[in-house]
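Accompanying notes for the structure given below.
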Amino acid sequence: MKVAEVIVDVSAYPIDRPFDYLIPEEMQELIEMGCRVKVPFGPRNVLGFVTEIKDTTEVPVDKIKSLSQLLDITPVLTTEMLKLAKWLKTETICYEIDALQVMLPSALRAKYEKQVSLLTDVEQLPILLQPYFQRATKVNYKAFEKDGMLHDLKRAVKDKQLVIENIVKQKGNIKEIRKVKINESIETLQKILGNISKRARKQQQLLQWMMNHVGEVFDLQDILTDTNTSQAVLQAVIEYGGAEFVQEEVYRDPFSKEVKKTISLNLTDEQENALQKITNSIKNRISETFLLHGITGSGKTEVYLQAIEQCLLEGKEAIVLVPEISLTPQMTDRFRSRFGELVAVMHSGLSVGEKYDEWRKIHEGKVKVVVGARSAVFAPFRNVGIFILDEEHESTYKQEDAPRYHARDVAIWRSEYYQCPVILGSATPSLESFARAKKNVYTLLTLKERALKQSLPTVHVVDMRNELKNGNRSMFSESLVEAIRTRLEKKEQMVLFLNRRGYSSFVMCRDCGTVVQCENCDISLTYHRSNEKLKCHYCGYEQRVPKTCPQCQSDHIRYFGTGTQKVEEELTKLFPEAKVLRMDVDTTKTKGSHEEILEAFGKGHADILLGTQMIAKGLDFPNITLVGVLSADTSLHLPDFRSAEKTFQLLTQVSGRAGRHQLPGEVIIQTYTPEHYAIELAKEQQYEPFYEREMWMRHQAGYPPYYYLALVQISHEDIMLASEYAQKTVDFLRSNLSFNVSIIGPTASSISRVQNRYRYQCLIKYKVEPNLIETFIQLIKLYRSDWIKKGILLTVDLNPSSI
DNA sequence: AGCACGCCGACT
DNA sequence: GTCGGCGTGCTC
C-alpha cells in the first residue's frame with residue numbers, strides 16, 4: 001500500500017493538517033514529495049501538495065480516498081521548501097497551505113470552476129434549460145448563475161438530468177508556439193521529390209532546401225522567407241509528409257531591451273576587503289550574515305556583482321532581492337549586463353505568464369542568478385551560494401498579509417540550509433540590523449568612501465516657518481526657486497521629491513471646514529485632477545467632485561494640500577520654460593511606464609523629475625545636480641515609532657541621488673521642524689550619531705530593537721462588537737502572558753474605519769516570552785472556533801513593519 | 001472555506 | 001405537502 005500525505009488548498013483551521021490518500025497504481029512510479037495533486041475533498045475536488053509518501057495509514061478503509069490526478073512529473077517544491085513551509089507556519093502563525101502557495105508563482109495555483117454536465121438527451125430537459133445544451137454537453141455554472149436559472153438547475157440535478165462538477169484548472173500555461181520540423185529521413189524527402197508533379201516547381205525548390213536541413217526545427221516565417229515560397233507550398237509538402245508542425249515551449253521575454261556586456265570594475269580597498277570576507281564565507285561554506293553598510297555611491301552593487309561571480313565559479317546560484325520594481329530596471333540591467341542570459345527577474349510588474357516563465361527558468365536550472373522583489377527569496381534553486389538583500393531597511397521586505405514573513409528571516413533560514421552567506425546592504429541600515437551587527441550577530445562591513453571619490457552633496461535645510469513669516473505662502477522656498485532657476489540656466493537636471501502620504505490633496509469647504517470623506521473608511525478622499533474625481537486610497541471608492549458642500553451647501557468648496565499634480569501646476573507657472581516629468585501612481589499605472597519615464601529623464605528629455613517616494617532610491621543619472629525635498633515633515637509625524645528612522649532613511653536616500661558623477665550635487669530640504677534630530681543628522685549624513693540617538697529613544701519608549709513587538713488587529717462592522725472583542729483579546733493575553741510583557745490597548749487604529757469595518761488594535765512588547773507563540777495559537781484557536789462566526793476579523797502580526 | 005444535511009416556518 | 005431559509009458539522 002502506498003499512501004500520500006497531502007496538504008489541501010483550503011485555508012481553514014480544522015483543515016490545516018495533512019490528509020492521507022491512497023496512491024493509485026499508475027501514479028506510484030512517478031509521484032514524489034512536493035508534487036501537486038488533484039484530490040476529492042468532501043463533496044468537491046481541490047488541489048493539494050504531497051508532503052510525505054508512506055506505506056501505512058491510520059485512516060480506516062471506509063474513509064480513505066485515492067488521489068485523482070498527478071499534476072507534476074517533477075515536483076514543484078523541493079524538500080527544502082516543504083521544511084521551510086513548516087517553519088513559516090510556526091514562525092508567522094499561518095496555514096501551511098498559505099506558506100506553500102507563497103513559494104510558487106500564481107500560475108501554478110488552482111482555479112476552481114463549476115461545470116454542469118448533461119446526463120440525458122437535450123429534449124428531456126425542461127424547456128428553459130434546453131438552450132444551454134444546444135452546442136455542448138458541458139456548460140459553465142456561471143452562465144446559469146448570471147441568468148438566475150439556479151432554481152431550475154437544482155431541480156434538474158435532483159431529477160438526475162444534470163450534474164454539477166467541481167473542476168480544478170491551472171491558472172497559467174506554458175506558452176507554446178507552432179514551429180515546423182523537417183522530416184528526419186533524407187530518403188523520405190527524396191521519395192516525395194520523386195513523386196510530386198514536375199510542374200510543382202516551388203515544391204521541388206522547397207524540398208531541395210529541406211534536404212540540407214534534415215530533422216531541423218524552424219519558425220514558419222523563416223522557412224518561407226529563406227526559400228522564397230508561400231505557406232500554400234509548405235502546406236502541400238507537409239501533407240506529403242516532408243515536414244510537420246510541432247509545438248515548442250518558449251519563455252516569454254520580460255526584458256524590453258538589450259544590454260551591453262560589462263566586466264568587473266576595479267575595487268577600492270574597502271570594497272576589496274568586504275568582498276574578501278564574503279568570498280571566504282562562500283568558499284568555506286559558512287552561513288554568515290553580513291551587514292554591508294556603505295554610504296550612497298560607495299559601490300555596494302559592484303561588491304554584490306563580484307561576490308556573485310565567485311559564487312558562479314563555485315558552481316552555485318545567487319538570489320538578489322531589491323525592494324521595489326522602481327529600482328528593478330536599473331538594477332536588473334546591471335546584473336544582466338554582467339551575467340547575461342544567466343539572470344532571471346521576478347517582480348510584480350510581470351504578467352502571470354512571465355512570472356511563471358522566469359520561475360521555470362530557475363526551476364529547470366536554466367539560470368543561475370535571480371534578481372527580484374520579496375517573493376524571489378523563495379526562488380527554487382537547489383545549490384544557493386549567496387543571498388543578497390539590497391536596501392535591507394526597506395519595509396517592503398515584510399509581507400503585509402498571510403504569511404506575514406520577512407524576506408530577511410527567510411534568507412537567513414535558507415542560508416543555514418545551504419551553509420552560505422547572506423549580505424544585507426544599506427546606506428541606512430535598520431536599527432535592528434545595525435544593533436545585531438554591533439552585537440556581532442551579523443558581521444559588519446563598512447564602506448565609508450564613495451567609489452569614484454566624489455564628495456557628498458552639500459545639504460541645505462530651509463526653515464519653512466521663516467518663509468511664511470516673510471510672506472511666501474507657496475510650497476517653494478526662495479532658495480529652492482533660486483536653485484531651480486540656476487540649474488535650468490545651466491541645463492542641469494534635478495529631482496523634486498514630494499512625500500505624499502498624509503498630505504495628498506483633499507477637498508474642503510471654506511465655510512464650515514468639512515473635508516469630503518470616504519463613505520466606507522474614515523479617511524479623506526484624494527483629489528485626482530486627471531479625471532476630476534475624488535478617490536479613496538484605502539478601498540478604491542470613487543466619486544465626482546461635489547459642486548457644493550455636502551454639509552452646509554456652500555459653494556465655497558475647493559482643493560487643498562499638495563499632490564504631485566498641484567506641484568506640477570505651480571512649477572510650470574513659476575518656470576514655464578521647464579520640462580517636467582511627473583512620476584507617481586497615476587503616471588505609472590500602465591506596464592513599463594516606469595522604465596519609460598526614467599529612460600526619458602535619463603536621455604535628458606526633461607529638466608525636472610517630480611515624484612513621490614518611488615523616485616527616492618536607485619536612480620543614478622550623471623546630470624542630476626539638485627535634489628529638492630518639498631516637505632520633510634510629512635513622514636516625521638506619522639503615528640509610528642519608526643517615523644524618525646523612516647524620515648532619516650528617506651532624506652539620506654534622496655540626497656544620495658545628487659552629484660553621483662563629475663558634477664557636484666546640492667540638496668535642499670524644506671521643513672517646518674529643522675531642529676529635529678532626524679533632519680539635522682540627515683543633513684550631515686551622519687548615520688552612527690543618528691543610530692545612537694534613535695536607539696536611546698527606542699530604549700526610553702520600549703520599542704525595537706530593545707523589545708520585540710506583536711500587533712493584534714481586531715475589526716468588525718459594528719463598532720461596539722469590535723471594541724468588545726478587542727477588550728476580550730487584551731484580557732485573554734493579560735491572563736496568559738507573564739508580567740514582563742506589556743500589553744498596550746485596545747486602541748482604535750489610526751484610520752479607525754476601513755471598508756466599513758471598525759478597527760482596533762493592541763500592541764504587545766516583550767523581550768523573552770517562551771509562552772508567546774503558544775498563547776497566540778490559543779488566541780487564534782479561540783477566534784477561529786467562536787469569534788469568527790460573529791463576524792470578527794482578527795490578525796496577529798509578529799514583528800510588524802509599522803503600527 | 002465550502003458544501004451537504006436537516007430542522008423549521010411560510011406559502012401553494 | 002413542498003420550498004427554501006440558515007444553523008451545524010465534516011472533509012482522508
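Throughout, a chain's letter reflects where its sequence line sits, starting with A, and its residues are numbered from 1. From a predicted model like this one, the values you see are computed outputs, not experimental measurements.
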A/Lys114 has an atom NZ; how far is it from atom P of B/dG2, in whole Å? 10 Å
Could you give the CZ-to-C1' distance, from A/Arg155 to C/dC3, as a whole number of Å? 9 Å
Step-by-step side-chain hydrogen bond (donor to acceptor under 3.5 Å, both in side chains) determination, A/Tyr417 to A/Lys83: CA-CA 10 Å; A/Tyr417 185 91; A/Lys83 268 191 204 153; 4.7 Å; no
Can you tell me how far apart CG (A/Leu779) and CG (A/Asn736) are? Round to the nearest 0.5 Å. 9.0 Å
Which nucleotide in C/dT11, C/dC12, B/dC3 has an atom nearest any side-chain atom of A/Val59: C/dC12
Would one find a side-chain N or O of A/Asn166 under 4.0 angstrom from OP1 or OP2 of B/dG2? no
Report the distance from atom CD1 of A/Ile97 to atom P of C/dT11, rounded to the nearest whole Å. 19 Å
Which is true for A/Ile15 with a 4.0 Å heavy-atom rule: it touches a base, it touches only sugar-phosphate, or it touches nothing? base
From CD1 of A/Ile64 over to P of C/dT11, roughly how many Å is that when rounded to an integer? 13 Å
With a 4.0 Å heavy-atom cut-off, tell me which residues in residues 36-51 of chain A come close to DNA chain B, sorted by residue number. A/Pro43, A/Arg44
Between A/Glu113 and A/Lys169, does any side-chain N to carboxylate O distance fall below 4.0 Å? yes
Measure the distance from CD1 on A/Ile7 to C1' on B/dA1 and round it to the nearest whole Å. 15 Å
Tell me whether the side-chain N/O atoms of A/Lys63 come closer than 4.0 Å to OP1 or OP2 in C/dC12. no
Protein-nucleotide distance (A/Asp98, atom CG; B/dA1, atom C1'), rounded to Å: 11 Å
Please report the closest heavy-atom contact between A/Phe387 and A/Val377, naming both atoms and the distance. CE2-O, 4.2 Å
Ring-face cation of A/Lys765 near A/Tyr703 (centre distance under 6.0 Å, axis angle within 45°): yes
Using atom CG of A/Asp9 as one end and atom C1' of C/dT11 as the other, report the distance to the nearest whole Å. 14 Å
Which heavy atom in A/Arg374 sits nearest to a heavy atom in A/Lys398, and how many Å separate them? NH1-O, 3.4 Å
CD1 of A/Ile788 versus C1' of B/dA1: gap in Å, rounded? 9 Å
Considering every strand and a 4.0 Å limit on heavy-atom distances, what is the contact class for A/Arg784: base, sugar-phosphate, or nothing? nothing
Examine the side chains of A/Tyr112 and A/Asp9 and answer whether a donor and an acceptor come within less than 3.5 Å of each other. yes
